[in-house]
J.: 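Structure incoming, see below.
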Amino acid sequence: MHVTASKRQTGAGIALLRHIVGRAASRGMRQLSLETGASEYFRPARALYRKHGFVECAPFGAYKADRNSVFMSLAFEPS
């Protein structure tokens with residue numbers, strides 16, 4: 001997910017994240033996972049994800065541990 005600089009601080013990132021999370025939950029997914037950057041540049045993105053319930057996790061899928069990456073996931077409550 002990327003929000004262009006001119007749209008930051010407008011709620012666009014929150015709207016995108018809520019849409020993605022809502023679609024995943026409505027499709028019966030049990031968990032949503034993401035990889036983002038570990039550098040200071042990505043600090044606002046990591047804060048956004050944390051604010052919306054994502055927690056850091058181990059690498060998933062084909063990812064390997066990498067000092068440039070942060071892995072996060074959000075578990076959905078069973079409905």
Side-chain angles (χ1 to χ4, degrees):
M1 187 173 100
H2 177 79
V3 176
T4 188
S6 66
K7 297 297 181 188
R8 292 183 190 144
Q9 301 298 313
T10 67
I14 292 169
L16 282 169
L17 184 58
R18 285 180 177 161
H19 176 77
I20 292 166
V21 168
R23 291 294 300 235
S26 73
R27 291 180 178 202
M29 293 182 185
R30 294 179 286 180
Q31 182 173 306
L32 189 59
S33 300
L34 62 87
E35 178 274 339
T36 190
S39 70
E40 182 65 19
Y41 178 82
F42 293 97
R43 186 184 53 76
R46 293 189 307 270
L48 175 68
Y49 299 135
R50 282 188 191 99
K51 182 177 178 181
H52 290 273
F54 284 80
V55 295
E56 289 191 26
C57 66
F60 51 87
Y63 283 107
K64 305 284 186 225
D66 177 344
R67 66 184 170 105
N68 295 311
S69 295
V70 173
F71 303 95
M72 303 179 87
S73 66
L74 174 67
F76 297 111
E77 295 290 324
S79 49

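Here the structure is a predicted model, which means the values were calculated and not measured. Worth knowing before you read on, the calculation uses all heavy atoms, side chains too, and leaves out hydrogens, waters and symmetry mates.
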J.: Check residues 30-39 and write down every donor-acceptor pair under 3.5 Å in which the side-chain atom is one partner and the other belongs to a residue at least two apart or another chain.
T.:
unit_1: Gln31; atom_1: NE2; unit_2: Ser33; atom_2: OG; d: 3.1
unit_1: Glu35; atom_1: OE2; unit_2: Ser69; atom_2: OG; d: 2.8

J.: Under 4.5 Å between side-chain heavy atoms, counting indirect links through other Ile/Leu/Val/Met/Phe/Trp/Tyr residues: same cluster for Met72 and Leu16 or not?
T.: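 Met72 clusters together with Leu16.
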J.: Just distance, no hydrogens or angles: give the donor-acceptor pairs under 3.5 Å from side chains in residues 47-63, sequence neighbours left out.
T.:
unit_1: Arg50; atom_1: NH2; unit_2: Glu56; atom_2: OE2; d: 2.7

J.: Shortest non-hydrogen contact from Gly13 to Val3?
T.: CA-CG2, 3.6 Å
J.: Nearest 0.5 angstrom please: Lys64 NZ to Asp66 CG, how far?
T.: 12.0 Å
J.: Are Val70 and Leu17 connected in a single hydrophobic cluster, I mean Ile/Leu/Val/Met/Phe/Trp/Tyr linked by side-chain heavy atoms less than 4.5 Å apart?
T.: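 Yes; tracing contacts between hydrophobic side chains, which count when under 4.5 Å, links both residues.
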J.: Rounded at 0.5 Å granularity, tell me how far NE2 in His2 sits from CZ in Arg8.
T.: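 It is 5.0 Å, given to the nearest 0.5 Å.
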J.: Applying side-chain contact (heavy atoms from CB on, under 4.5 Å), name anything that partners His19, two or more places apart in sequence or on another chain.
T.: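 Testing His19 for side-chain contact (heavy atoms from CB on, under 4.5 Å), a comparison that skips the adjacent residues, returns Arg23.
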